[in-house]
There are 2 protein chains.
Amino acid sequence: MAERGRPRDAGIEGRVLAAAAAEIRQGGYDALSIDRVAERAGVAKTTLYRRWASKAELVVALITNLREDVPFEPSGSPRDDLTALVTAIAANLTATPTTLIADLVAAAAREPRVGESVRALWSERHRAVTAVVANAQQAGIVLSHVSPAVLVDQLVGPLYYRLLVTGEPLTPDYAQTLVCSVLGPEEPR
Amino acid sequence: MAERGRPRDAGIEGRVLAAAAAEIRQGGYDALSIDRVAERAGVAKTTLYRRWASKAELVVALITNLREDVPFEPSGSPRDDLTALVTAIAANLTATPTTLIADLVAAAAREPRVGESVRALWSERHRAVTAVVANAQQAGIVLSHVSPAVLVDQLVGPLYYRLLVTGEPLTPDYAQTLVCSVLGPEEPR
DNA sequence: CTTTTTACGCTACCGTAGTATCGTAAATGA
DNA sequence: TCATTTACGATACTACGGTAGCGTAAAAAG
């Protein structure tokens, strides 16, 4: 059962990811050069490619590592929950350089493995939003007969559309408007 | 007023675009090699770069050229119009290789000039959808108080979101569901 | 100790996008 | 005719992502 050959150097992965993080932080996806990352980490390029199949996979691993899980507890008010979730996603998108997201999306479309990783990255939040929408619908707050999955697409999709296609900014205001459009106008208390 | 130096060879642009179209048609964005396009068109690479600043700009010019304007006449029924428009956009997106769209989006995020071109490409349809939504809202068919621009984002954004992020297919059914979600359930006649 | 297996570094290599330089061709203006 | 200006082709170059091959180091199995 034990490993047969020479064991992998345990420090390499961390050093490479640290070097990659330092590079990508100041210049985005394009500025991250595999040669430079390898040199900075004191590692041969071939060794780097033994761990990650492509630059895109390295970046995905990097993002996955940097990601802090935003804990989400339902507050009882679906409207507040949805607003918080959508706003958080929007904030996360604006905090990340657009070119990085775009290049990641492009890599996901090109390489199936990267696509899976990217989708796994977002599935957690996607599920959270879906759950809140489904609850709101069952509670009668959402009047639409449309399935929660579609409503989620209409909450989150516009964020990506604005970011990647129209280039318009993602203000907190906009996130709230999206929620209002799905839930209906806020009722006065 | 007349041009001063040696005039540009009028046939080059067409030959290059034809060669590029032939290459991109069988392999997408990545398969399009500038060197091969230049060789195929019988043109020096430097001449090619004198006309298009980057591979992305060449591809944008290519798409712009290939694009046929889909004429749209309002039918009087906003629901039918919206369904037709959204379905047409979805069909157009699925007909184009996803990697091509993704790479174009990535190039748009990287190079401002490409971004303008890409946005100009879609602005026409975007305006058409906006006009229909605004009319429907004024006619009282759409009950939402949300601005037409946001509703348009919620109609079109999910298409891109599915295509580029979640990877789910864009069925005609889905387009109709999006319209129903915005307009409310269809009323029986 | 010897064989086998895996990891590593190194060098060389391929195809790519894009740039720089240079000689030359084709036009205009004096 | 001659200088100027622009376009073109050709060559060489840089930096990049990614691959192949080789010698060697470190472990386990015999």
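Treat the numbers as computed from the prediction; the structure is a model and nothing was measured. Residue numbers start from 1 in every chain, and the chains themselves are labelled A, B, ... in the order their sequence lines are given, proteins ahead of strands.
- Closest of all the heavy-atom pairs between Ala38(B) and Ala44(B) is CB-C, 4.3 Å.
- Atom-to-atom, CD of Glu57(B) to C1' of dG18(C) comes out at 13 Å; the value is rounded to the nearest Å.
- Across all non-hydrogen atoms, the minimal contact from Ala20(A) to Leu32(A) is O-CD1, 3.8 Å.
- Residues in residues 49-61 of chain B take part in these side chain to side chain donor-acceptor pair (under 3.5 Å) pairs, two or more places apart or across chains: Ser54(B)-Glu111(B), Glu57(B)-Arg113(B).
- Nucleotide dA7(D) holds its P atom 8 Å from the CZ atom of Arg51(B), rounded to whole Å.
- Judged as a side chain to side chain donor-acceptor pair (under 3.5 Å), the pairs with a partner in residues 120-139 of chain A (not counting sequence neighbours) are, in order, His126(A)-Tyr161(B).
- In the helix from dC1(C)-dG30(D) to dA30(C)-dT1(D), the terminal helix axes, each the rotation mapping four pairs' C1' atoms onto the next four within five end pairs, subtend 10°, rounded to 10°.
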- Task: For nucleotides 19-26 of chain D, just jot down a letter per nucleotide in 5' to 3' order: B, S or -, based on protein non-hydrogen atoms under 4.0 Å.
- Result: BBB---BB
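- Nearest heavy atom pair, residue Arg79(B) against residue Leu183(B), reads CA-CD1, 3.6 Å.
- A straight line from CD of Glu3(A) to P of dA7(C) spans 9 Å, rounded to a whole angstrom.
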Table please: side-chain donor-acceptor pairs of residues 92-99 of chain A below 3.5 Å, with sequence neighbours left out.
unit_1, atom_1, unit_2, atom_2, d
Thr94(A), OG1, Ala90(A), O, 3.1
Thr94(A), OG1, Ala91(A), O, 2.9
Thr96(A), OG1, Asn92(A), O, 3.0

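- Per the geometry, CZ belonging to Arg8(B) stands 14 Å off C1' belonging to dT5(D), to the nearest Å.
- Rounded to whole Å, atom P of dA7(C) lies 11 Å from atom CD1 of Ile12(A).
- Each of Lys55(B) and Ala10(A) has a nearest nucleotide on DNA chain C; the 5'-most of these lies closest to Ala10(A).
- Side-chain atoms of Ser75(B) and Asp80(B) form no donor-acceptor pair, as typed in the model, at a separation below 3.5 Å.
- Here the P atom of nucleotide dC16(D) and the CG atom of Leu48(A) are 14 Å apart, to the nearest Å.
- Residues Leu100(A) and Ile63(A) meet the side-chain proximity criterion, which asks for heavy atoms closer than 4.5 Å.
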- Between Thr87(B) and Gln176(B), is a side-chain hydrogen bond (donor to acceptor under 3.5 Å, both in side chains) present by the stated rule, with each step listed? CA-CA 7 Å; Thr87(B) 305; Gln176(B) 196 175 354; over 6 Å; no
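- More than 12 heavy-atom neighbours from other residues, nucleotides or ligands sit within 6.0 angstrom of CD on Glu168(B).
- Side-chain contact annotation: Ser33(A) with Glu23(A), donor-acceptor N/O pair under 3.5 Å absent.
- Within residues 13-40 of chain A, no residue places a heavy atom under 4.0 Å from DNA chain C.
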